[in-house]
**Student:** 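Take a look at the following structure, please.
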Amino acid sequence: MLKTLVNLGFTETDAQVYVYLATEGPQKASNIAEALNMHRQQLYRSLKKLQNKGIVNASLEYPVRFSAVLFEKILDLLIKAKMEQQQALQESKEELLSTWRSITKKDSPDS
């Protein structure tokens, strides 16, 4: 599963954190760091990144408990992001081709 998540764009660390939370349920950062043998600073960077992407949630209680979003929702988020990237590329295709042509004509031996 880790390899699959990495292939989907997760870093190795982010994939480990997500899988741990998905299998163990809500956890305090200290438990996650200990279980994954990870420095807290590295863990907090990963948790922040995962939270920003909507992959991990943080509770409002103290101490904070982190939990994984359902994998199905993660797949939906990743599919949506890829579709948006594809749409943006499609929309900029003509501009990119025009720029490419102007660059390559200068260097072309036919000009």
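Note that the coordinates shown come from a computational prediction; the quantities given were computed from them, not determined experimentally.
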**Student:** Counting only N and O atoms by type, is there a donor-acceptor contact under 3.5 Å from the side chain of Glu94 to the main-chain atoms of Glu91?
**Tutor:**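 No: the side chain of Glu94 does not pair with the backbone of Glu91.
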
**Student:** Using only atom types and a distance under 3.5 Å, with no angle test, would you say the side chain of Ser92 pairs donor to acceptor with the backbone of Ala88?
**Tutor:**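 Between the backbone of Ala88 and the side chain of Ser92 there is a qualifying donor-acceptor contact (under 3.5 Å).
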
**Student:** Looking at every non-hydrogen atom in both residues, tell me the closest pair between Leu77 and Lys53 and how far apart they are.
**Tutor:**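 Taking every non-hydrogen atom into account, CD1-O, 3.8 Å.
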
**Student:** Out of curiosity, Asp14 CG to Leu5 CG, how far, rounded to the nearest 0.5 Å?
**Tutor:**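 Answer for the CG-CG pair, Asp14 versus Leu5, is 10.0 Å.
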
**Student:** Please report the shortest heavy-atom distance between Ala58 and Val64, naming the atom on each side.
**Tutor:**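 Where Ala58 meets Val64 most closely, the heavy atoms are CB-CG1, 3.7 Å.
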
**Student:** If you take all heavy atoms of Ala22 and Ala68, which pair is closest and at what distance?
**Tutor:**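 In terms of heavy atoms, the two residues are closest at N-CB, 3.6 Å.
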
**Student:** Where does the angle between the aromatic ring planes of Tyr18 and Phe71 fall among parallel (under 30°), tilted (30 to 60°) and perpendicular (over 60°)?
**Tutor:**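 Tyr18 vs Phe71 ring planes: tilted.
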
**Student:** Tell me whether Val6 is reachable from Tyr20 by hopping between hydrophobic residues (I, L, V, M, F, W, Y) whose side-chain heavy atoms are closer than 4.5 Å.
**Tutor:**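 Cluster IDs for Tyr20 and Val6 differ.
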
**Student:** Is atom CD of Glu61 surrounded by more than 12 heavy atoms (other residues, nucleotides or ligands) closer than 6.0 Å?
**Tutor:**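 For Glu61, atom CD is crowded (more than 12 foreign heavy atoms under 6.0 Å).
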
**Student:** Distance from Gln42 atom CD to Thr13 atom OG1, nearest 0.5 Å?
**Tutor:**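 Spacing of CD (Gln42) from OG1 (Thr13) equals 4.5 Å.
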
**Student:** Roughly how far, to the nearest 0.5 Å, is the NZ atom of Lys49 from the CG atom of Asn52?
**Tutor:**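 NZ of Lys49 is found 10.0 Å from CG of Asn52.
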
**Student:** Side-chain heavy atoms nearer than 4.5 Å, only ILVMFWY residues, links allowed to pass through others: does that put Met1 and Val69 together?
**Tutor:**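 Yes; tracing contacts between hydrophobic side chains, which count when under 4.5 Å, links both residues.
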
**Student:** Drop me the distance from Leu70's CG to Leu75's CG, to the nearest 0.5 angstrom.
**Tutor:**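 Result: 10.5 Å between the selected atoms.
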
**Student:** With rounding to the nearest 0.5 angstrom, report the CD to CD distance, Gln90 to Gln86.
**Tutor:**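 Answer for the CD-CD pair, Gln90 versus Gln86, is 6.0 Å.
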
**Student:** Do the side chains of Ile32 and Lys28 get nearer than 4.5 Å, heavy atoms only?
**Tutor:**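 No; the side chains remain at least 4.5 Å from each other.
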
**Student:** State the NZ-CD distance between Lys80 and Gln87, to the nearest 0.5 angstrom.
**Tutor:**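 Lys80 atom NZ to Gln87 atom CD measures 13.0 Å (nearest 0.5 Å).
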
**Student:** Within the 4.5 Å heavy-atom criterion, are Leu21 and Ser67 side-chain neighbours or not?
**Tutor:**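 The answer is no, as the side chains (C-beta and beyond) never meet within the 4.5 Å cut-off.
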
**Student:** Is the number of heavy atoms from other residues, nucleotides or ligands under 6.0 Å of Gln51 CD greater than 12?
**Tutor:**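 Enclosed: over 12 neighbouring heavy atoms sit under 6.0 Å from CD of Gln51.
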
**Student:** Report whether Phe10 and Leu2 are members of the same hydrophobic cluster (ILVMFWY, side-chain heavy atoms less than 4.5 Å apart, transitive linking).
**Tutor:**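 In one cluster: yes.
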
**Student:** Just wondering, do Phe66 and Val17 contact through their side chains at under 4.5 Å, heavy atoms?
**Tutor:**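 Side chain of Val17 against side chain of Phe66, heavy atoms only: no contact under 4.5 Å found.
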
**Student:** Quick one: closest heavy-atom pair of Arg40 and Ser30, and the distance?
**Tutor:**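 Heavy atoms of Arg40 and Ser30 come nearest at NH2-CB, 2.8 Å.
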
